[in-house]
Amino acid sequence: MAAGADAAPIDRALHQGVASCAGSTCHGRQEATGPRVRQNEVMTWSDPASLTGVHSRAWRVLNEPRAQAIGRRLGITNVAAAPACISCHGDPATVRGPRWQQSDGVGCEACHGGSERWLASHASVKASHADNVARGMWALNDPAVRASVCLDCHFGSDKPGQFVFHRLMAAGHPRIAFELDLFTALQRHHNEDADYAARKGVAGGVKTWAVGQALAVERALSLLPAQSASLTGPDFTFYDCRSCHRTFSDDPAVPIVARTNSWRPIPPGQPVWNDEQMIMLAAAARVAAPDVARSFEAQSRAFHTAMGGDRAGAMKAAAALKATAATLARRFAATAFDRAQTFALIEAVLVGNAAAYTDYQGGAQAVMAADTLLSALVTAGQVNRAAAVALRPDLDRAYALARDANRWDAPAFQAALAQIATRMRALK
């Protein structure tokens, strides 16, 4: 799948279930003692407490009180069987083998593709990654492929049951958020060691982050036309939640909480498109694709303006911005991202974009970006690990300020980012 693809392909291969991967000679060992891969991947995936186990728990949460309450508010009798829920909280396989189980949640094949044609051959000593991909395994080592697969559930797709409408969030579903490299790190079930690099190549955290930001923008703009045909306009899930969900009062003594943001040329009262990924993408473009950056920022501003006008104008502006986001994804996929560029990205996110972080969602992306980019420098051996660890209290302070959207303090957060930027410069 080339960078810029709108969504992961519809998987029509037979899904054989997690049990088909869980043999002790495959991925079902209790200890990581495999000669090429750890072979304890199923145990890591099924961890009952760790973040690495959340995919295995995805279906079970539908039986918990919060999910049941959401179902009652929406008139869904059984959320654990509802397509609007299990299409992301499970494996949305269209063809299922006898060992496939809904209770597996987001199983191996939900991310790697149906194993009908590659399950037996991929374990062969002579098998190559290219052979496996040719047989239908999804090439998740490619950041563009990975982003498209992950975005299906972690933002939405045009496939049945894979879009979190505003009514779902109003009923209690958590807000959707996406950051490809950080999410990958939290869910990693394998080691990107020398053997992995020889077989598949390693994209690196910076490239994965940048491509993920670009394709998140593209995905949202791809879904916009189909989800904006109602009298009320686009589904509210496309907007920045906190641009509307703020405290307000009729008391004239209570300060107004509306914030001016030069990034968005829109009048007061207009709902704000959720531009958290656009803000990150603008920073990445200024560093890695400066010839495209000016067009992207101009098109972003034009898009914000057009969203307050007629539908035809908004769709035209969205199409232009979508095309440029796809261009940036391809450019990033072909960029090596050296040490100097990574430090420049950190500066662009933390300092160059500082005025854009008036709202919670953009701020949350900024601190995740700082964490991701610093980790990439450490992983690449370009920054001393101990020096990076010394920055942890500053990052934790920014995370704490972005933990509760109801207590968002933009000036305090911007000051925390400035402190991180100062400390980051000392690492150069």
Side-chain angles (χ1 to χ4, degrees), residues 1-3 5 7-47 52-53 55-56 90-101 104-150 152 180-181 183-185 187-205 207-208 211-212 333-334 379:
M1 186 187 308
I10 295 177
D11 188 4
R12 304 191 189 284
L14 176 71
H15 284 223
Q16 302 182 76
V18 171
S20 65
C21 305
S24 61
T25 58
C26 300
H27 297 288
R29 293 187 183 182
Q30 295 300 301
E31 296 185 25
T33 55
R36 295 184 70 192
V37 298
R38 296 188 318 204
Q39 293 189 248
N40 71 333
E41 288 80 12
V42 170
M43 186 180 73
T44 305
W45 164 84
S46 61
D47 191 309
T52 62
H55 278 164
S56 68
D91 177 0
T94 55
V95 186
R96 303 167 178 176
R99 303 178 81 186
W100 183 96
Q101 299 183 86
D104 284 339
V106 180
C108 312
E109 292 158 296
C111 298
H112 292 279
S115 63
E116 177 181 12
R117 293 176 55 227
W118 54 262
L119 182 65
S121 62
H122 92 289
S124 168
V125 173
K126 296 181 179 180
S128 70
H129 181 58
D131 292 335
N132 297 331
V133 172
R135 290 184 173 93
M137 177 184 281
W138 291 344
L140 297 183
N141 58 299
D142 181 338
V145 175
R146 191 187 308 171
S148 293
V149 171
C150 298
D152 278 0
L180 183 61
D181 186 69
F183 287 14
T184 295
Q187 279 292 296
R188 182 165 289 141
H189 307 136
H190 61 275
N191 295 327
E192 291 186 348
D193 53 16
D195 174 70
Y196 180 97
R199 290 184 293 112
K200 301 182 181 182
V202 177
K207 180 181 293 189
T208 300
V211 170
T379 300

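Note that the structure is a prediction, hence the values are computed from the model and not measured. Values below: every heavy atom of this structure, side chains too, minus hydrogens, waters and symmetry copies.
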What's the shortest heavy-atom distance between [X] and [Y], and which atoms?
| X | Y | answer |
| --- | --- | --- |
| His122 | Ala127 | O-CB, 4.0 Å |
| Thr52 | His189 | O-NE2, 3.3 Å |
| Ala13 | Asp11 | N-OD1, 3.2 Å |
| Val149 | Ala110 | CG1-O, 4.2 Å |
| Leu180 | Cys150 | CD1-SG, 4.0 Å |
| Ala93 | Arg96 | O-NE, 3.1 Å |

For this session: Test Cys26 against Cys21 for side-chain contact (heavy atoms from CB on, under 4.5 Å), laying out the working first.
Result: CA-CA 6 Å; Cys26 300; Cys21 305; 5.9 Å; no
Between [Y] and [X], is there a side-chain heavy-atom distance shorter than 4.5 Å?
| X | Y | result |
| --- | --- | --- |
| Leu14 | Trp100 | no |
| Met43 | Asn40 | yes |
| Thr44 | Arg38 | yes |
| Val18 | Gln101 | no |

For this session: Evaluate side-chain contact (heavy atoms from CB on, under 4.5 Å) for Asp181 paired with Lys207, printing each intermediate quantity in order.
Result: CA-CA 9 Å; Asp181 186 69; Lys207 180 181 293 189; over 6 Å; no
For this session: Give the C-alpha distance, both sets of side-chain angles, the deciding distance and a yes or no for side-chain contact (heavy atoms from CB on, under 4.5 Å) between Asp104 and Asp91.
Result: CA-CA 8 Å; Asp104 284 339; Asp91 177 0; over 6 Å; no
Side-chain ([X]) to main-chain ([Y]) donor-acceptor, under 3.5 angstrom:
| X | Y | answer |
| --- | --- | --- |
| Ser56 | Gly107 | no |
| Arg135 | Trp118 | no |
| Asn191 | Asp193 | no |
| Glu109 | Ser115 | yes |
| Arg29 | Gln39 | no |
| Trp45 | Val106 | yes |

Exercise. Can His129 and Lys200 be said to form a side-chain contact (heavy atoms from CB on, under 4.5 Å), step by step?
Worked result: CA-CA 6 Å; His129 181 58; Lys200 301 182 181 182; 3.5 Å; yes
Spacing of [atom1] belonging to [X] relative to [atom2] belonging to [Y], to within rounding of 0.5 Å:
| X | Y | atom1 | atom2 | value |
| --- | --- | --- | --- | --- |
| Arg146 | Cys111 | CZ | SG | 10.5 Å |
| Ser46 | His55 | OG | NE2 | 13.5 Å |
| Met137 | His112 | CE | NE2 | 7.0 Å |
| Asp131 | Ser124 | CG | OG | 8.5 Å |

For this session: Check whether the side chains of His190 and Glu41 place a donor and an acceptor atom closer than 3.5 Å, and report yes or no.
Result: no
For this session: Ignoring hydrogens and angles, state whether a donor on the side chain of Arg188 or Thr184 is under 3.5 Å from an acceptor on the partner side chain.
Result: no
Exercise. Can a salt bridge be assigned to the pair Arg199 and Asp195 using a cut-off of 4.0 Å between side-chain N and carboxylate O?
Worked result: yes
